[in-house]
Amino acid sequence: MILRGGDRTRPLLLFLNGGPGIPDYFLAQNAGLEQLFTVCYWDYRGTGLSYSPEIRPEGCTTEQSVQDALAVTDALRARFGQDRIYLMGHSYGTFIGLLCAQAAPEKYHAYIAMSQIADQPRSELTALHAMEQAAQRQGDRRTAERLTQYDTETADTARLRRWFSEPERDRAMHALGGGTTAQMRSVISGIFFPTLRCTDYTQTERINIWRGKALLQNAPTAYDRMEFSATDAVPSLELPVYFFAGENDLTCCYAVQRDYFDRLSASEKGFYTFAGCAHSPLFESPAQALRILREDVLTGRFTLADGAEPEGAGA
């Protein structure tokens with residue numbers, strides 16, 4: 001893990017990476033989280049700083065990942081003397097984070113979901129149809145034909161697994177501005193090269209990022225997240241919940257996130273739309289995200305959430 005922050009008395013935030021396997025640390029450095037929190041960027045078992053050639057993919061189960069995250073949570077609570085910490089997940093990290101929040105709500109002030117995995121089969125089909133339609137509108141017959149072979153009216157698990165590893169998926173998704181960020185057009189230039197330039201990781205550790213990424217792609221937890229239905233698995237949470245969603249997100253489609261949020265029963269909850277953003281609102285619109293974190297999350301309020309009445313309204 002990497003711990004960042006200028007004041008150890010600040011609230012603690014455990015950040016759960018996306019991927020699975022790609023550390024968000026190199027993208028989060030400019031997001032400003034350390035202005036508000038002491039942040040723990042933790043690399044999952046078998047990935048990044050936690051990579052080891054002795055770790056086998058079959059050992060990287062969802063249950064193990066949740067147990068690991070809860071163990072890291074307890075270690076942070078003990079080290080910094082804080083009874084509760086904040087939990088934030090991004091993409092795959094929301095899959096693990098949601099299960100942690102369900103399992104041990106007493107350990108967290110709040111759960112913050114950035115691009116929540118809610119019903120990935122439905123999301124993938126929604127994104128696939130959007131990309132097919134865009135390719136047809138643009139007269140891109142090659143892309144349209146490649147996408148059509150994966151099209152299905154129902155969530156065919158085997159077909160969706162092949163689709164998820166299809167290079168055309170990322171290419172088409174980023175071309176439409178619905179990938180990792182709305183501005184990113186290539187995973188190679190937008191993610192691969194920046195990770196190789198991240199000097200807080202040694203040269204070997206940078207290589208291990210991609211070794212770990214390959215390892216987790218064949219792990220049970222990677223398959224689990226592709227078949228996960230949050231509505232069925234986590235219908236309720238016993239802590240405050242904040243959803244950060246990019247309106248252009250095709251990786252975890254905005255409408256699917258919103259639908260789960262509307263169905264979720266929680267002690268308190270707020271949904272925050274990031275206009276013009278895709279899959280990484282915190283990194284794409286850090287000023288908006290920090291304002292929400294400062295004014296709502298850290299105060300336990302929801303005044304900036306979609307549909308919230310302005311303070312003083314009706315007075």
Side-chain angles (χ1 to χ4, degrees), residues 1-3 11-25 28 33 37-50 59-80 82-120 216 219-245 252 257 260-261 263-270 282 293 297-298 300:
M1 64 181 70
I2 294 176
L3 290 168
L12 271 166
L13 175 72
L14 172 57
F15 192 103
L16 301 180
N17 296 319
I22 300 298
D24 281 308
Y25 174 70
L33 286 175
F37 303 94
T38 295
V39 188
C40 174
Y41 299 98
W42 165 58
D43 292 350
Y44 308 111
R45 178 185 300 255
T47 72
L49 298 173
S50 301
C60 298
T61 65
T62 297
E63 181 182 9
Q64 183 66 68
S65 296
V66 172
Q67 289 177 359
D68 288 348
L70 292 174
V72 171
T73 295
D74 287 340
L76 291 171
R77 293 166 64 222
R79 176 172 177 173
F80 288 87
Q82 297 187 23
D83 186 51
R84 293 175 183 249
I85 69 173
Y86 289 89
L87 180 65
M88 173 180 275
H90 177 213
S91 192
Y92 169 79
T94 66
F95 171 45
I96 302 302
L98 191 67
L99 295 174
C100 287
Q102 179 190 50
E106 73 281 359
K107 297 181 180 181
Y108 304 107
H109 291 293
Y111 168 57
I112 307 144
M114 175 167 53
S115 305
Q116 176 67 52
I117 289 181
D119 183 338
Q120 205 54 29
L216 248 65
T221 189
Y223 294 132
D224 288 349
R225 66 82 152 79
M226 282 297 298
E227 301 168 16
F228 183 62
S229 169
T231 300
D232 294 334
V234 188
S236 63
L237 288 173
E238 298 178 1
L239 77 173
V241 178
Y242 299 82
F243 273 43
F244 291 10
C252 293
Q257 295 182 57
Y260 170 56
F261 173 85
R263 295 168 183 263
L264 175 66
S265 173
S267 58
E268 296 177 284
K269 63 179 185 176
L282 171 66
L293 291 167
V297 176
L298 286 174

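Considering all non-hydrogen atoms of both residues, Pro240 and His109 come closest at CD-O, 3.4 Å. Nearest heavy-atom pair across Leu239 and Val241 is O-CG2, 3.4 Å. Heavy-atom minimum distance, Arg45 versus Cys60: O-SG, 4.0 Å. Among all heavy-atom pairs drawn from Thr47 and Gly21, the shortest one is CG2-CA, 3.7 Å. When all heavy atoms are compared, the tightest approach of Ser50 to Trp42 is OG-NE1, 4.5 Å. Considering every non-hydrogen atom in both Ser91 and Gly18, the closest pair reads CB-CA, 4.1 Å.
Between Tyr41 and Tyr25, the angle of the ring planes goes over 60°, which puts this pair in the perpendicular group of the 30/60° scheme. Relative ring orientation between Tyr86 and Phe37 is described as perpendicular, the plane-to-plane angle rising above 60° on a 0-90° scale split at 30° and 60°.
Note that OG1 of Thr94 is 8.0 Å distant from CZ of Phe243, once rounded to the nearest 0.5 Å. Put simply, NE2 on His90 and CD1 on Ile112 are 13.5 Å apart, with the number rounded to the nearest 0.5 Å. With rounding to the nearest 0.5 Å, the separation of CG in Leu98 from CG in Leu16 is 11.0 Å. Separating the OG atom in Ser115 from the CG atom in Leu282 is a distance of 10.0 Å, to the nearest 0.5 Å. Between atom NZ of residue Lys269 and atom OG of residue Ser236 there is a gap of 11.0 Å, rounded to the nearest 0.5 Å. The structure places OG1 of Thr73 at 6.0 Å from CG of Leu87, a figure rounded to the nearest 0.5 Å.
In this structure a side-chain-to-backbone donor-acceptor pair under 3.5 Å is missing from Gln64 to Gly59. For the pair Gln82 (side chain) and Leu12 (backbone), a donor-acceptor distance under 3.5 Å is present. In this structure a side-chain-to-backbone donor-acceptor pair under 3.5 Å is missing from Asp119 to Ser229.
Taking the side chain as every heavy atom from C-beta outward, Tyr92 and Ser65 approach each other to under 4.5 Å. Inter-residue side-chain proximity for Leu237 and Gln102 is flagged as met; some heavy-atom pair is nearer than 4.5 Å. Taking the side chain as every heavy atom from C-beta outward, Cys100 and Tyr108 approach each other to under 4.5 Å.
A side-chain donor from one of Tyr111 and Gln116 sits under 3.5 Å from a side-chain acceptor of the other.
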Exercise for the section: Apply side-chain contact (heavy atoms from CB on, under 4.5 Å) to the pair Leu76 and Thr38, showing each step before the final yes or no. Expected result: CA-CA 10 Å; Leu76 291 171; Thr38 295; over 6 Å; no
Practice task
Take Val297 and Met88 through the test side-chain contact (heavy atoms from CB on, under 4.5 Å) and record every step on the way to the result.
Solution key: CA-CA 11 Å; Val297 176; Met88 173 180 275; over 6 Å; no
Exercise for the section: Could you check Thr221 against Arg225 for side-chain contact (heavy atoms from CB on, under 4.5 Å), going step by step and ending with a plain yes or no? Expected result: CA-CA 6 Å; Thr221 189; Arg225 66 82 152 79; 5.8 Å; no
Practice task
Test side-chain contact (heavy atoms from CB on, under 4.5 Å) on Cys252 and Tyr260 and set out the steps.
Solution key: CA-CA 12 Å; Cys252 293; Tyr260 170 56; over 6 Å; no
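Residue Gln67 qualifies as enclosed at atom CD: its count of foreign heavy atoms under 6.0 Å is above 12.
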